[in-house]
Amino acid sequence: MKLYRVLLHLYPSSYRAEYGSEMAGIFAEELRNTSGVFAQLGLWIATFFEVLSNAAAVHWQIARRDLRYSMRSLLRSPAFLITAILLITIGIGANAAVFTLVDFVLVRPLPFPASKQLVKVWEKHPGYRFMELSPANYRDINAAQHSFTSFGGYTDIDMNLTGSGDPLRVEGATVTGNFFSTLGRSPWIGRYFAERDDQAGAPATVMLSYGFWQTEFGGETSLLGKSINLDGMAYTVIGVMPPDFHFPSRETKFWRTFQWEEESYKDRSDNYVVGIGRMKPGVTMAQARSELEMITQRLQQQYPKENESVGATVIWIRDEVSKQSRLLLFALGGAAICLLVIACANLANLLLVRSLARQKEFSIRVSLGANRRTILRQLLTESLLLGVVGGLGAVGVAAAALPLLARLVPTALPTQEIPPVDLRLLFFALGLTAMTVISFGAAPAIRVCRNAGLGGLREGIRTGGSGSHRMRSVLVIAEVAVSVVLLISSGLLIRALWRVQAVDPGFRTENTLTLRTALPIPKYLKTEVRKQFYDKVLTDVHRLPGVTGAAYVTALPMVWRGGIWPVSVDGRSQHRAEGTSASMRYVTPGFFATMGVPIKAGRDVSVSDTNETPYVAVVSESFVRRYWPDQSPLGRHFDFAEHDREVVGVVGDVRVRGLERASEPQVYLPYTQVADGNYTPYKPNDLAIHSTQSPLQLIPEVRRIIAAADPQQPISDVRTMEEIVAGETQSRSVQTRVLVTFTAIAVSLAALGIYGLLSFTVSLRSQEFGIRMALGARQGDIFRLVLKKGTVLTVAGLVPGLFLAYGAALWLESLLAGLRPGDVMTFSAATVLCFAAALLGTLIPALRAIGVDPTTVMRAE
Amino acid sequence: MTDNPTSLLPLQPTMFHILLSLADEDRHGYAIILDVARRTNRKIKLSAGTLYRSIQRMLELGLIEETKTRPAPEMDDERRRYYRITPFGTAVAKAEVSRLASLLKMARSCGVVPRTT
């Protein structure tokens, strides 16, 4: 029988208390009337299933009744219903969106098999931790290493696709033969590269990305084995990669192989290969690092001149996301949690007030014999119902917000752009909702149930309970504190954004159109052939109405941040190290005037600087400061890119590496002073045009001019200089905007919290106010009383808030672009704003308090 | 709770059997099980779970009520609770009988069931 009584525990306790003993009695009778072991066993089995199904039915019956009751009760107070659902939707929606993003960028495995074994390998030079490998160093490391099952490499490349419609500039990658096998992904169709494909003289083959294959070639499988034309050369298409394969970046549309010859291994300072390794199972990162360190030390001994101080950097592919991106994402996560805390505190307050307002109803029910557990269950069902609706809303909010947050996914991450809305998001929202509703719905419910009864009936809503009032005050104080943290954090980030935006890039951004015409090699291998193209284009562009300047440059600042070369002055160091390198750009005459870069001394490069005249260079002021401080640089010589160069001009510094990073000094070389086939990666590709009119109007004419100069030449990256510079702060400004939105919601909610608490207090104390006024208190006294209460709450939240905010600011320091974490202006502004919001929340209840009519109150009593 | 007997029709067979069992006298749970089994030649054997689930529902609907009247002490088991049919329960049972009767009549008129003389 004991077993049967245990089974009865499957029923709800109230049901068990009501019918349990009778059911046990009946079962005992049945057991007595059944003889034989098998018959009794049959009875037990049948009873087991009968209890199971009936208990489930009783539970469902109760749940349905509770749900109906809760729905009716919630619908009776629509304002509460809407507010509570909105709070849950905002709090959980923001968290679901931000944490899906954080999970996507920082946690989720990349779309490669055993992606946790994949690492990137770079050369480490003094001052540069992430320098690409030279082909020779790649080859030597690959031959010597034992840490990786496979070690490949790649470099980004842009090529012109011709022969299928308009010429098109497409981004791709040149890779080693073992690139795909290292990453471990199979092609969607066809085959991927084999080791033989990257041997010198092997047939030119190419693989396409799924997207490129679909958009440019209509997804035709018959393309396999056929040729496409890249930079004037035929490549046989051997395969297409799957839709979710994006490596090295989302923009990569094709892959071709390196075909290094003996010549390619000669120059160890020609760095352009990024190493990709798949660690052997069991090999740790520390082991791999120390092995590579050993190999590079050996290479230093073998090639003391070229490899002096060259080490190796090994990092997990997953860890490539920059520290800044990581920190900004964490900051957003922190802000989302703050928002959730505030939303939850408000929700808890709402539920508390509602349950207090219903205290009388519950007390009457309990006095009439209702079970406290039933009331508790019904209250929890209400919270659960709110949670489910709010949680569903939150999933909707998150799904809608994710595409807007896609800009925060670093482009270098080899994944799709928009984090997918999947089960993870659903479970995250669900978990958070359950946590919120249970933790913040249960407390008021338990409190109200404890108070329900005659005591509660006597006490009623009049006092609200001092314990509950204390709890509500604590919640409001917490809201204020968290709002202050958010206010100060976003204030600091706004100020930092302004600082970055105010950084002088060193060139003019207004009315400047830029575009890229990357001239293909070997068609434009010869300097003279290139010169003809540039001259024709620039002459025609200069003739366009409104154009005041036009020039070509290797790459515009902030568009290509690399491209540095070692400098040697008076036979000193030739190594690519911090403090000895300069950014190298070939330019056509008029580049400085077009870009508004001031010429401080000497002259611009000129058409008369050719391979037949002495090699010259224009250098930036920081170059002069580094090598000839306090001396006239004009006429001085230095060794750069295999030639002795004479300084003929000095120009202002330009932020090549972007607004937030220091740039190397710049060296500009005349576009005509380069031997045929030399430094082709540095050939001028980017065209800048300055105009007195809106530069966008020039686009059709410029396209026509370039088509006339070379009909096969594609144009890409058409944008204004303003857009390029704005792109520098784009991710920062998106993040700041999101943070500001969170803060605005948080501060409004905190003000609402103060308002709610004080309104409730005023309605509770209206009798007291009435009596006070009847006894001679003036309206001003009552007003001050309420105002004081609001101020005390605000100050109580503000003080810890300021300390917490300072802590948050210290943590965010590297994002503050030089702003001090304790920035007085931001802290003061936040304090004032916080007080203003709190005052708004206090004012209405205070005015209501002085509107209390003593006679009405006394009569009501 | 409703006061219209027809609003509960068609009545769940278990409830109908319980109403029939309580129609002639007040009974406790086990007595209802035995009575239903006897009336139906043991074709319907209510389990304790099904019985009390129905009783709970019927109490809510006002079809039956718990009675305080106990049998003679020598016949009584104080752990047991006795149930009695309410006037509303009787009305519902009658409405169900009449519904079934009209169904039977309809079936007879269609020749599905042979006519009785």
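Everything numeric here is computed off the predicted structure, so don't read it as measured data. In what follows, every chain begins at residue 1, and chains take the letters A, B, ... in the order their sequences are listed.
Checking B:T86 against B:E65 by side-chain atom types alone, no donor-acceptor pair falls below 3.5 Å. Judged purely by distance below 3.5 Å, without hydrogens or angles, the side chains of A:S70 and A:S73 never pair a donor atom with an acceptor atom.
Counting only residues at least two apart or on different chains, the ring-ring contact (aromatic ring centres under 6.0 Å, His included) pairs with a member in residues 21-42 of chain A are A:Y4-A:F27, A:F27-A:W44. Legend: salt bridge (Lys or Arg N to Asp or Glu O under 4.0 Å) pairs involving residues 376-395 of chain A, not counting sequence neighbours, sorted by first then second residue: A:D66-A:R377, A:R354-A:E382, A:R358-A:E382.
Using a 4.5 Å cut-off between heavy atoms, A:Q61 contacts chain B through its side chain alone, with no backbone atom that close. Residue contact with chain B, scored on non-hydrogen atoms closer than 4.5 Å, involves the side chain of A:E50 exclusively. The parts of A:V58 that come within reach of chain B are both its backbone and its side chain, each placing non-hydrogen atoms under 4.5 angstrom from that chain.
Of residues 19-38 of chain B, those residues lying under 4.5 Å from chain A by any heavy-atom pair are B:G29, B:Y30, B:I33.
Looking at residues two or more places apart in sequence or on another chain, you find a salt bridge (Lys or Arg N to Asp or Glu O under 4.0 Å) between B:K45 and A:E30.
Here the CG atom belonging to A:L386 is positioned 7.0 Å from the CG atom belonging to A:L347, to the nearest 0.5 angstrom.
In summary, A:E22 and B:R80 do not engage in a salt bridge, as defined by a charged side-chain N under 4.0 Å from a carboxylate O.
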